[in-house]
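Take a look at the structure below.
Every number for a ligand or one of its atoms is a count from 1 in the order of the listing. Reckoned from all heavy atoms, side chains included, excluding hydrogens, waters and symmetry mates.
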Amino acid sequence: MPRSIEPGKRGEVFTLRQNAAVAYPADNEQMASNARLLAEYLHQDAGFVVEPKADAGKTAAITLSLGLKSDNPEAYRITVSKRGVAIQGATEEGVFRGVQTLRKAIGTEAGEQVELPYVTIDDQPRFGYRGVHFDTSRHFFPVDFIKTYIDLMALHGCNQFHWHITDDQGWRFEVKSMPELAIKGSVREKTVLGCNTGLYDYRPYGGYYTQDECREIVAYAAKRFINIIPEIDLPGHMQGALHVYPELGCTGGPYEVWPIWGISEDVLCAGNPATLDFLKRVYDELCDVFPSKLINIGGDESPRVRWQQCPKCQAKMKELGLTREAQLQTYINKELDKYLSARGRTIIGWDEILDGGLSENTIVLSWRGTKGGIEAARQHHRVIMAPTDYCYIDYYQLRRDSERLYAIGGYVPLSKVYSLEPIPAELSEEESKYILGPQVNLWTEYIAFPDHAMYMLLPRLDAISEVQWTPKEQKNFDAFTVRLERMEKLYDKLGYKYCAKWE
Ligand code: ACM
Ligand code: ZN
């Protein structure tokens, strides 16, 4: 829902005809790309043809331009008047957000021409960080689907793709200096059926992303003004790597790429200097492939039982004068913070990283409710909000048994996602500034196929997108569901699977 829509005089419309020109400033590749993408969208959504033309001047029916004055780089203005349709952005990114709005306004049924009522739309997002997470470790999803995922994000104005690319059940990022990591670490010998039933399929399951593929995805996302934040989860959720390098675990293994779900007690050994060497090599290549300023180091669900019993870990604690195992995790995080900061990167971690104390520049991803986020903001650390009760879209969305069968967690219906207020009431105005924005998370223990992932996303992605974008005073669930019906037509047209009922 755009921030401000000022209708023109009743009944006055601009008629956009097939083969209309889309003008953009010459010598601006991002604006050319915006024009091409607009053409692509209108064609796929509505079979409507428009033609990008550099510097087409006043004759063009649609004009993309820069120069809108705003403090918000994503601000844009759409004007429809007798002169045609103009999208003016504060930056190229703002223009791209405006392109999505125009596309949604035109919809699916344009025909030979489409009548657009005169209007001025002034818009900008509420939050600068508008995240969507995807777990491609528990199940592997092909590159084409990752691109579709990015398309869905672009349609909804999201701008940060949090890519969970390694975990206990499979290491899916190619590291060229350690090729076996992906080759062997991505393959589990079998997968448990259902929710840790003890029954298995006894069929190897694997798949990983080459660095070339990752770069291709980064470029695809960048055209859509979406940043990709890769996550190598550590020190827990590491059985994929431990299978290949058992010497990095406290017990020395052997370890299997995990065939079940849950929290493994086997984690990286914090007392072995080889662990940090390993991580630095991984992050070197990760930074090489992903230009994102933000890098996620995970940090969730990392039990400390092995560390309690490991002579190396205990010696390290003594050496550093630490009294609690949680501080060992902070020690690793601080080392990585230093290492990545020197490369111009900022680390993000799940809220467990608060336990042993935060390293200096860390951003906290609050998932176990909002408590961690509140605590971090009070410590003047930046925060991303993804509390399970509102943002875990692997949880089921309808109260029925068939839904529960394929979901681990609780019940997160559309209305619940929509009702999220990302800034906790407990925070002062000053502290609230540390809340960067909200994010939804899609874990895939029970989601093995693209259509199913899309079904979990849609329409809850619509709900979070308004939480991310629209000022809270403007939010209204009933009005939202009316807009949603239009979105469903688009999903039908594009072959996107979605949950057609909502609660
Ligand atoms: C998480 O859901 N384990 C961050
Ligand atoms: Zn150890």
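Ordered by chain and residue number, the residues placing a heavy atom less than 4.0 Å from ligand 1 are Asp300, Glu301, Trp350, Trp367, Tyr392, Trp443.
For the pair Lys416 and Tyr390, the cation-pi criterion (under 6.0 Å, within 45° of the ring axis) is fulfilled.
Protein N/O/S atoms found under 2.8 Å from the Zn ion (ligand 2), listed by chain and residue number: Cys250 SG, Cys269 SG, Cys310 SG, Cys313 SG.
Side-chain contact, Glu503 with Tyr411: a donor N or O sits under 3.5 Å from an acceptor N or O. Side-chain contact of Thr346 with Asn361: a donor-acceptor pair under 3.5 Å is absent, judged by distance alone. Between the side chains of Asp451 and Tyr496, not a single donor N or O lies within less than 3.5 Å of an accepting N or O.
Using a 4.5 Å heavy-atom threshold, the side chains of Met385 and Pro424 count as touching. Between Arg203 and Lys190 the shortest side-chain heavy-atom distance does not fall below 4.5 Å. Side chains of Ile332 and Leu279 form a contact here, defined as non-hydrogen atoms less than 4.5 Å apart.
The ring of Tyr283 has its center no closer than 6.0 angstrom to the ring center of Tyr339.
Checked options Phe290, Trp443, Trp350, Tyr129; the residue passing with His162 is Trp350 (criterion: ring pair (Phe, Tyr, Trp, His ring centres under 6.0 Å)).
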